[in-house]
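We name chains A, B, ... by the order of the sequence lines, and we start the count at 1 in each one. Here the structure is a predicted model, which is why all the values come from computation and not from measurement.
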Amino acid sequence: MIHTLLPLKATFDACHALSDDEWHTIIVQGIKMEQPKHREHGDYAVNISFLARYTKLAPPVIATTLLPHLNIQGFTATAIGGFINFKATETSLLETLLPTLKGTQQAGQNTSKQNERLHLEFVSANPTGPLHLGHGRWAALGDSLRRIWQHNGAKVVTEFLVNDYGQQMTNMANSVWFRALEHLKLAPFPIPVEGEKFLYYPGAYVTDLALEYLEEDHNTQAITHIFEQEGAKRLEQLASKELLFELRNISRNAMLQLQQDLLKRFRTHFDIWQLESHLHLSGVVEKTLDRLKSKGVTFEEDGALWIKSTEVGDDKDRVLVKSDGSYTYLTADVAYHDDKFNRAEHFTSIVNIWGADHHGYVSRITAAMQALGHDPQRLVIILGQLVNLVVEGEKTRMGKRKTMLTLEDVIEEVGVDAARFWLVSRSADSTIEFDVDLATSASDENPVFYTQYAHARACGILRNAFNKIVDLETGEESPARFNKKDYEAFKKGITAEAWETLLLKPFEGNPQAYNKVRETILLLVSFTERVEDAGRVNAPHLIARYALDLSSDFHSLYAACRVLCDDPQEALARLLLVDVLRLTLAQALDLLGVTAPEQM
RNA sequence: GUGCCUGUAGCUCAGUUGGAUAGAGUGUCGGCCUCCGAAGCCGAAGGUCAUGCGUUCGAGUCGCAUCAGGCACACCA
């Protein structure tokens, strides 16, 4: 389109004063192909009103002047007002569906990201308890992005950082210790502590861990022994260092296993499970710290080591090493990101999905990466808003020590398909409010069934075409309409022209049906573009929307027009359309990690 | 107080880089099973796009202000 317009400067008298470069810039920046909201305006449209400033002509005049010069293969163009509308020929539309139909290419597959190597980190929960619904949102979002990017030709590595190093793991171990004491009737849970603020995890899974630990007799004896020896000391010292270390590892392993199993069940794939403790033990953290020091971006104050993050856009300088010599969480995270930047794959983008509660963190990490000499453009942070729970009409924030709705509970209640579809069908920018009392509505009224039903329906039609027909009242059998081999042969040999004749010509006297069929074809054709968009703007919800739109078109078409009609050739042509639709719908659902059942 | 996100139909939410008449599901009301699954289809009602000003030929979309809600502002992780 742009290419066609570039030589047309001479068409307008007022434009002679412009240089070719100026004209070029105007056209390139001004011309945008868009899809009109109303189909009577064509399949695609270009608004040329912006040329009025340069040509000193009214937009409709410009449009009609340009029109004769626009001969674009596969399209017919018309000028209305300030718009030039393009209508694709049916043959060209059907042509683009052939690769999907014939199985030479997956629906929507494209190369828009073929030069990208993407690293995606998401979920990254603490191994101190089960995953909750909020984690589920990141899992659904991240995993869908992985699928979409891959469909766009990118190489993607997904990674989960296991935060198994900090204070929260000690709290976890202590919690198990307390539960063990409670079970042995040595102390109540929680143990009241004077003047000490002590965090502990109250969940039943902690008790389970303690009980499991106590099943070994020598463990029971050890705990009893330690308690008797050191019972009078301060609370944190109750459990000996060795025991705490052991309980930490046991808890970490058990919780990690729990999370891994659940994420697998949630069809969320991670290539790498990175232990934070490993970053410390292997010296990665120290190495990054040394590099920061050598870059001269650190300074000492009040006995702590700081990074001058304000010099690269942060609003405060941050502590890296506390005055007691231990590292802050930031230090470990900076090291982790530094490590990701340094990996052999040399990722084009390093993407993180964070909850909105971490947004204050963006400038710090970005600043640190810049200080380390990395291109901050390569770091992409997707901030997702949180999931709030509504319990008995009141909002509560979800958190480990507050009201919790585990992802497992939700899956049990509504199933993986409904949960994933529901979580991923709204934009990451909007806060989700989940009414626990209406949890079933996330199930019964879930639009995922609407779209799954469309898929099952399409499969049903294909089944009917190849199966014997049994009269339910008389029990009489008549032979199947088609046999599979003939259909496959027909499919293999079909051309866009022949398909168009059989599919659309019969509807020429019936504009309503004709438009329904055409609409459906057009939507099928636009799938690739939608997959590209969803990948470009990191928005899987566009795919969810698409699946619903396509389902709606199909249900409507189904009601208006019988696929297995009397004319066998026409029926075959319609079956082909149903086939493409089935494949496209299944692909859309797969990009969201949702199954496409053949019957329901 | 400062920063980020949000405010669109009764409810839950779409609306990609500004474009032609504002979109869907759900709910409400009214129709449709003598042919491929009614988990469906067809139709109706329902809107000051939070409010005001601005930029533009053109604003739900961009800017500023106000109001309302969410989140964050540690030598915690």
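Mapped onto RNA chain B by nearest heavy atom, A:Gly360 and A:Ala45 fall at different nucleotides, with A:Ala45 at the one closer to the 5' end. Ranked by how close their nearest RNA chain B nucleotide is to the 5' end, A:Leu564 and A:Thr431 are led by A:Thr431.
One finds no side-chain N or O of A:Lys322 lying less than 4.0 angstrom from the OP1 or OP2 phosphate oxygen of B:rA74. Proximity of A:Arg545 to the phosphate of B:rU16: no side-chain N or O atom is located under 4.0 Å from OP1 or OP2. In this model, the phosphate group of B:rA77 is not approached by any side-chain N or O of A:Tyr361 to a distance below 4.0 Å at OP1 or OP2. Proximity of A:Arg426 to the phosphate of B:rC13: a side-chain N or O atom is located under 4.0 Å from OP1 or OP2. For B:rA14, the OP1/OP2 oxygens have a side-chain nitrogen or oxygen of A:Ser430 closer than 4.0 Å. OP1 or OP2 of B:rC41 sits under 4.0 Å from a side-chain N or O of A:Tyr450. At B:rG15, one or more side-chain N or O atoms of A:His541 fall inside 4.0 Å of OP1 or OP2 (strictly under the cut-off).
The side chain of A:Lys516 approaches B:rC42 more closely than any other nucleotide in the set B:rU6, B:rC42, B:rA38. Comparing B:rC36, B:rC75, B:rC5 by their closest approach to the side chain of A:Asp302 singles out B:rC75. Counting only heavy atoms from C-beta on, A:Ala304 has its side chain closest to B:rC75 among B:rC4, B:rC41, B:rC75. Across B:rA77, B:rA39, B:rA72, the shortest atom-to-atom separation from the side chain of A:Met600 is found for B:rA39. Taking every side-chain heavy atom of A:Trp306 into account, B:rC75 is the closest of B:rC73, B:rC75, B:rC41. Checking B:rC41, B:rA72, B:rA14 against every side-chain atom of A:Ser427, the shortest atom distance belongs to B:rA14. Listed nucleotides B:rC5, B:rC36, B:rA77 differ in distance to A:Thr328; the shortest reach to its side chain belongs to B:rA77.
Across all strands, A:His555 comes closer than 4.0 Å only to sugar-phosphate atoms, never to a base (heavy-atom distances).
Residues A:Ala418 and A:Phe449 come closest through the heavy atom pair CB-CZ, 4.4 Å.
For B:rC41, the base has no donor-acceptor partner in the side chain of A:Ser556 [N/O atoms by modelled type, under 3.5 angstrom]. Remark: the A:Asn85 side chain and the B:rA20 base include a donor-acceptor N/O pair separated by less than 3.5 Å.
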